[in-house]
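For reference, the structure is listed below as structure tokens.
The model shown is predicted, which means the values in this text are computed figures rather than measured ones. Chain letters run A, B, ... following the sequence lines, proteins first, then strands; residues in each count from 1.
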Amino acid sequence: MSGILNSSIGRKFAMALSALFLMFFLLQHFAINILSVFSPETFNSTSHFMGTFPLVQYVLQPVLIFGVIFHFVMGFVLEIRNNKAREVSYAKNNGGANSTWMSRNMIWSGLAILAFICLHFYDFWFPEINTKFIQGDMTGLIDPNNADSGFRYFEELQHKFESHVRTIIYVIAFVLLALHLLHGFNSAFQSVGANNKYTKGLKNFGKLYAIIIPLGFIFIAIFHHLKHVLS
Amino acid sequence: MNLTLKIWRQKNASDKGKLVDYKISDVSPDMSFLEMLDVLNEQLINEGDEPVAFDHDCREGICGMCSLYINGEAHGPDRGVTTCQLHMRMFKDGDTIFIEPFRAKAFPVVKDLVVDRSSFDRIQHAGGFISVNTSGNTIDANAIPVNKADADKAFEAATCIGCGACVATCKNSSAMLFVGAKVSQFALLPQGKVEATDRVLNMVRQMDEEGFGNCTNTGACEVECPKGISLENIARMNREYLKASLKG
Ligand code: HEM
Ligand code: SF4
Ligand code: FES
């Protein structure tokens, strides 16, 4: 078992595990966000639960942050090592003849997602941490001194999507996430050694996942934006 | 037909090398790609130029010696063939054809289009065999019954001719299709299971040491492989490796 991360296959395996974890997280994140479209109250109470429940805050959240960092750092490491494995490049290379654009550009879709994650943290995570741990307000209320003011989460979300620019950036980022996952979903299964009679079905499911989930996030962003524009 | 060839010329391993343009006329569509190069070389020799060095041996798609990256694809634009089986009818009159060596750090150029693929041999030496005593009392291979489905898969893996097209094609210069085939060929058979743990660990270690890149599952190797070796073999190698790492 020792030194498995020093081997090519070991690194691949770790990369796939972090990716599988991220894809599971994405599903859960989507399930909560879509509530904001159907029921602001449920969205608020679920957000409050996720934002204050110790298991989520002190165990799952650090695991997630580690997972994200591990994933993109390992992505960079693999990219750099792989580029070194060919010192002189081809004068003419017809990559489109044998592989998909998505599979050849994971680093670029990944970098775009990373830039998006930075914006996303600036938008939501840092303000959360500031409110909860620096100002010490764990109430989740719009006005912490007024128990009747209601939860703040839905209001904060709506406020963010008032901006055209932010909405457009979110849409673009999720298109790139879809491209990342169109290759990544199945790639992760292949990396952990799963290629068998279920692979064909899984491939189709992966395509659905890679398109529907990002499309759902895009829907949520546009929904809140339009609601603001039209009101 | 008349063609313009852009061929990689490099005097030796330390020379920088460059693409050189050549014109060739009256190429028959029935020629193989290597025959076309033979004609070019005759022309060069007659003109007092140095002929283009390229690898070849069987010229019938079984030895894996011919290589060449033709118009951006290993073994050219046809599927399921080696360069010796590639015909000029795949090209049109007036075409410009790029001809480059297989490129990978682990396949250094020796001269022109000839590359050193002995890194594959060293991977094979690290575990691509089974240890049986063949001195006098050889055991009949058929004495051990083998499940037909496994035998078929092992046979398919064994059709790998070690040409290196998978490495040349891969954006990461990964050798995992080759090593996956060599690992699978034995891992599927009872004769190979005895040394399975050491085999996969040693072959992968050697592969990494040779400086091949890491598979990112683009699948380009499977498309360009002249023998249609499947990605399933890489997945099997990954499984074998993870299993072996847990044991060893
Ligand atoms: C933070 C920015 C990100 C970067 C820089 C990044 C980069 C990469 C790179 C370079 C790869 C290819 C490596 C390989 O196949 O060996 C990859 C694979 C993958 N990524 Fe990302 N990624 C990012 C975020 C994400 C996110 C948020 C998800 C999912 C929600 C994700 C899912 C995947 C999947 C499923 C794979 C395939 C894993 C495999 O082949 O084993 N990535 N990523
Ligand atoms: S796997 Fe295919 S492409 Fe790679 S060395 Fe074997 S025969 Fe050649
Ligand atoms: S020369 Fe033997 S395979 Fe082409």
Side-chain angles (χ1 to χ4, degrees), chain A residues 1-17 19 74-75 77-107 110 183-199 203, chain B residues 6 8 16-17 19 69-74 77 97-98 100-101 103-109 167-174 176 200-201 204-205 207-208 211-224 230-243 245-248:
Chain A
M1 196 61 200
S2 64
I4 188 167
L5 275 187
N6 288 326
S7 79
S8 52
I9 296 180
R11 285 193 206 99
K12 238 349 244 178
F13 183 66
M15 185 77 190
L17 285 188
M74 193 52 118
V77 169
L78 288 173
E79 177 72 18
I80 292 168
R81 294 180 70 98
N82 286 343
N83 285 340
K84 273 201 205 140
R86 176 166 295 135
E87 286 163 332
V88 182
S89 37
Y90 290 110
K92 177 154 181 178
N93 190 22
N94 187 4
N98 48 42
S99 57
T100 62
W101 185 91
M102 287 78 86
S103 73
R104 281 175 279 127
N105 291 282
M106 290 300 274
I107 192 69
H183 173 68
F185 188 95
N186 282 103
S187 179
F189 285 93
Q190 166 81 7
S191 293
V192 298
N195 188 334
N196 47 41
K197 61 178 189 246
Y198 303 113
T199 298
K203 263 195 176 147
Chain B
K6 286 181 172 297
W8 184 260
K16 252 191 97 202
L19 283 171
Y69 212 67
I70 302 164
N71 268 352
E73 285 182 77
I97 307 175
F98 280 74
E100 298 174 77
R103 295 223 183 265
K105 191 173 144 209
F107 286 171
V109 173
V167 174
T169 295
C170 176
K171 86 186 228 313
N172 313 310
S173 306
S174 166
M176 290 209 189
V200 68
L201 292 176
V204 169
R205 183 183 33 70
M207 168 179 87
D208 290 348
F212 291 104
N214 200 340
C215 174
T216 60
N217 307 322
T218 69
C221 51
E222 183 186 55
V223 176
E224 297 292 347
S230 149
L231 291 182
E232 259 179 68
N233 293 293
I234 300 185
R236 185 177 297 104
M237 170 176 66
N238 292 353
R239 285 199 297 279
E240 289 283 318
Y241 185 83
L242 294 166
K243 222 167 44 187
S245 303
L246 288 173
K247 271 195 226 159

Out of [options], which one racks up the most heavy-atom pairs below 4.5 Å with chain A?
options: B:Glu100, B:Arg236, B:Arg239; result: B:Glu100
options: B:Asn238, B:Ile234, B:Asn217; result: B:Asn217
options: B:Lys6, B:Arg205, B:Met176, B:Glu222; result: B:Met176

Would you mind checking which part of [X] comes under 4.5 Å of any heavy atom in chain A, side chain (CB onward), backbone (N, CA, C, O), both or neither?
X: B:Asp208; answer: side chain
X: B:Tyr69; answer: side chain
X: B:Pro77; answer: neither
X: B:Cys215; answer: backbone
X: B:Ile70; answer: neither

With a 4.5 Å heavy-atom cut-off, do [X] and [Y] have their side chains touching?
X: B:Ser245; Y: B:Leu201; answer: yes
X: B:Asn214; Y: A:Lys12; answer: yes
X: B:Phe212; Y: B:Ser174; answer: no
X: B:Lys105; Y: A:Arg86; answer: no
X: B:Phe107; Y: B:Pro101; answer: no
X: A:Glu79; Y: A:Asn82; answer: no

Which one, [options], leads in non-hydrogen pairs under 4.5 Å with chain B?
options: A:Arg104, A:Met15, A:Gln190, A:Glu87; value: A:Gln190
options: A:Leu78, A:Ile9, A:Asn186; value: A:Ile9
options: A:Ser99, A:Gly193, A:Ala194, A:Ala97; value: A:Gly193

Quiz item: With no hydrogens and no angle check, is any side-chain donor or acceptor of A:Tyr90 less than 3.5 Å from a backbone partner on B:Ala168?
Solution: yes

Side chain, backbone, both or neither: which part of [X] has a heavy atom under 4.5 Å from chain B?
X: A:Arg81; answer: neither
X: A:Ser191; answer: both
X: A:Phe13; answer: side chain

Exercise. List in chain and number order the residues that pass side chain to side chain contact (heavy atoms under 4.5 Å, CB included) with B:Val223, two or more places apart in sequence or in another chain; answer none if no residue qualifies.
Key: A:Asn98, B:Arg79

Self-check item: Close aromatic pair by centroid cut-off 6.0 Å: A:Phe189 and A:Tyr198
Solution: no

